[in-house]
Structure formats: structure tokens, C-alpha cells
Amino acid sequence: LEAREHAVEQRGAARRADSFVIEIFQVRHVLADGMANIRQPFVTPGGAWQVTVAGNLAYVGCADSGLVVVDVSNLQSMHQVGRLDTPGAAENLTLSGTYGYLTDGNAGLHVLDMTDPTAPTIMGTADTPGYPWIVAVAGDYAYVADDVPGLQIIDVSNPEDPFIALTLPMPDEAQGV
């Protein structure tokens, strides 16, 4: 672990201060010293908060740099194939069918059209009173951990006009669902 931390620190010194590295590990190829075999890293354009993988694509919430789409079909040459600039700080993406649900900091929750997975577009937005961290989707509802205000239950039955159907206050900050 110590050698890996040192290697990441060394690699980090050579990149921009506002970028992060995504590393793909193949756990089945654990080296004799117990470390996973690191494949070619992909340097994101901004802070990498959450990664969602679907097939050969990884969707990375990159805060102020928006949602970045990375082709991970060849781990030796991962590369960006799309990007969605968002008004907030893109963090967590949940996929369901041809839709994506993206928490975007102070900009709330966006419902995305994912028909072309390399070119997502915002269909509708529900402004939340707090800071949305994580989203889970079931049926026509998105469940958003919205920090101090609590859990927001958002009706997404009309992707172009999502709205808060119910707020459930929590005894502490809601940061996960």
C-alpha cells in the first residue's frame, strides 16, 4: 500500500492540480506483493467524484467539468468519447433504461436523455433545497440524498418536468441512499 501511495503521489505531481486519475484494477491479477495490476490511467478534466460503468462506457461525475464519458473497452487506451457540461458540480449518475439521473450540486437533479450514451443531454431538472449527493431510482421516483433537508423523493414520470413529491427530514445530513 505504501509503494502504491508513493507512485500515485509521484504521478500526481506531473498532472494539473485540478485533475484526477481513474485507475482500473484487474483484481484477478494480483501481483506477488499483494498489489493489483494497474492498467493505463485516464486523467479526468476535473475532480472525479463518482464513476458509473455501463458496458464499455464509464460515466464520471467531474464536478465543475461536468459529466465525462470514457470508453473503457481497451484498458490500455481509455479515452474520452463524450461530455456534458452541467450548470452545477456533477457528482453521481444512476442509469435506468434510456435515462440518466445526475446529481449536480447546487443545480439539483437532472434527468438525462441517454439515447446516445456518448452524448447525454439534459431533459429536465428538479431544483432541490439542499446539496444532492447520491440518487437511486425505482419506477417513477428518484430518491435523492439532499444533505441537511433530508431525503427528496422526486417524481420523474415526466422526464421533462421532474418535481419534488415528498421531503423526508433526517436526524442528520442525508448523504447516501
Side-chain angles (χ1 to χ4, degrees), residues 8 17-25 27 41-70 72 78 80 82-177:
V8 170
D18 63 344
S19 63
F20 288 75
V21 176
I22 296 175
E23 295 178 328
I24 305 293
F25 297 89
V27 178
F42 173 81
V43 179
T44 66
W49 294 110
Q50 179 88 20
V51 178
T52 301
V53 178
N56 289 326
L57 298 176
Y59 299 90
V60 186
C62 289
D64 294 335
S65 296
L67 182 67
V68 174
V69 185
V70 181
V72 294
M78 294 182 289
Q80 182 174 322
R83 183 168 172 247
L84 172 64
D85 190 19
T86 63
E91 293 197 18
N92 176 253
L93 176 74
T94 294
L95 299 170
S96 181
T98 59
Y99 298 110
Y101 303 87
L102 178 67
T103 58
D104 196 30
N106 292 326
L109 175 77
H110 303 302
V111 179
L112 308 179
D113 178 354
M114 302 295 290
T115 304
D116 178 352
T118 63
T121 58
I122 296 174
M123 296 180 69
T125 300
D127 190 13
T128 62
Y131 191 93
W133 291 100
I134 302 289
V135 59
V137 176
D140 289 338
Y141 295 95
Y143 301 86
V144 178
D146 201 31
D147 206 42
V148 175
L151 178 68
Q152 304 296 334
I153 300 175
I154 300 175
D155 185 321
V156 293
S157 59
N158 178 355
E160 295 176 355
D161 189 26
F163 63 91
I164 296 173
L166 182 65
T167 298
L168 294 175
M170 299 285 137
D172 203 357
E173 299 167 347
Q175 295 184 350
V177 280

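Remember, predicted model here, so these are calculated numbers, not experimental data.
Nearest heavy atom pair, residue Y141 against residue V156, reads N-CG2, 3.9 Å. Here the shortest heavy-atom pairing between G105 and P132 reads O-CD, 3.0 Å. The two residues D127 and N106 have their closest heavy-atom pair at OD1-O, 3.9 Å. Between N92 and V135, the shortest heavy-atom contact is OD1-N, 2.9 Å. Taking both residues in full, the closest heavy atoms of P162 and V111 are given as CG-CG2, 3.9 Å, listed atom of the first, atom of the second, then distance. Scanning both residues, G66 and T86, for their nearest heavy atoms gives CA-OG1, 3.8 Å.
With a 4.5 Å cut-off on side-chain heavy atoms, V69 and P120 count as touching. Considering only heavy atoms from C-beta on, D113 stays 4.5 Å or farther from Y99 through its side chain.
Rounding to the nearest 0.5 angstrom, the gap separating the CG atom in L93 from the CE atom in M114 is 5.5 Å. Between T128 atom OG1 and L151 atom CG the span is 11.5 Å, to the nearest 0.5 Å. Distance check: D116 CG to T121 OG1 gives 9.0 Å after rounding to the nearest 0.5 Å. Taking CZ of F163 as the start and CD1 of I154 as the end, the distance is 10.0 Å to the nearest 0.5 Å. The line from CG of L84 to OG1 of T118 is 11.5 Å long, rounded to the nearest 0.5 Å. To the nearest 0.5 Å, the span separating CD on Q50 from CG on L102 amounts to 10.5 Å.
Shown here are the side-chain contact (heavy atoms from CB on, under 4.5 Å) partners of P87, two or more places apart in sequence or in another chain: D104, A107, H110, I122. A54 pairs by the side-chain contact (heavy atoms from CB on, under 4.5 Å) definition with Y59, L95, not counting sequence neighbours. Every residue meeting the side chain to side chain donor-acceptor pair (under 3.5 Å) condition with S157, not counting sequence neighbours, appears here in chain and number order: D155.
Under the 3.5 Å distance criterion, the side-chain polar atoms of S65 are matched with a main-chain donor or acceptor of P45. Although no hydrogens or angles enter the test, the distance criterion places a donor-acceptor pair under 3.5 Å between the side chain of T103 and the main chain of W133.
No option in I164, V144, D146 other than V144 meets the side chain to side chain contact (heavy atoms under 4.5 Å, CB included) test with L109.
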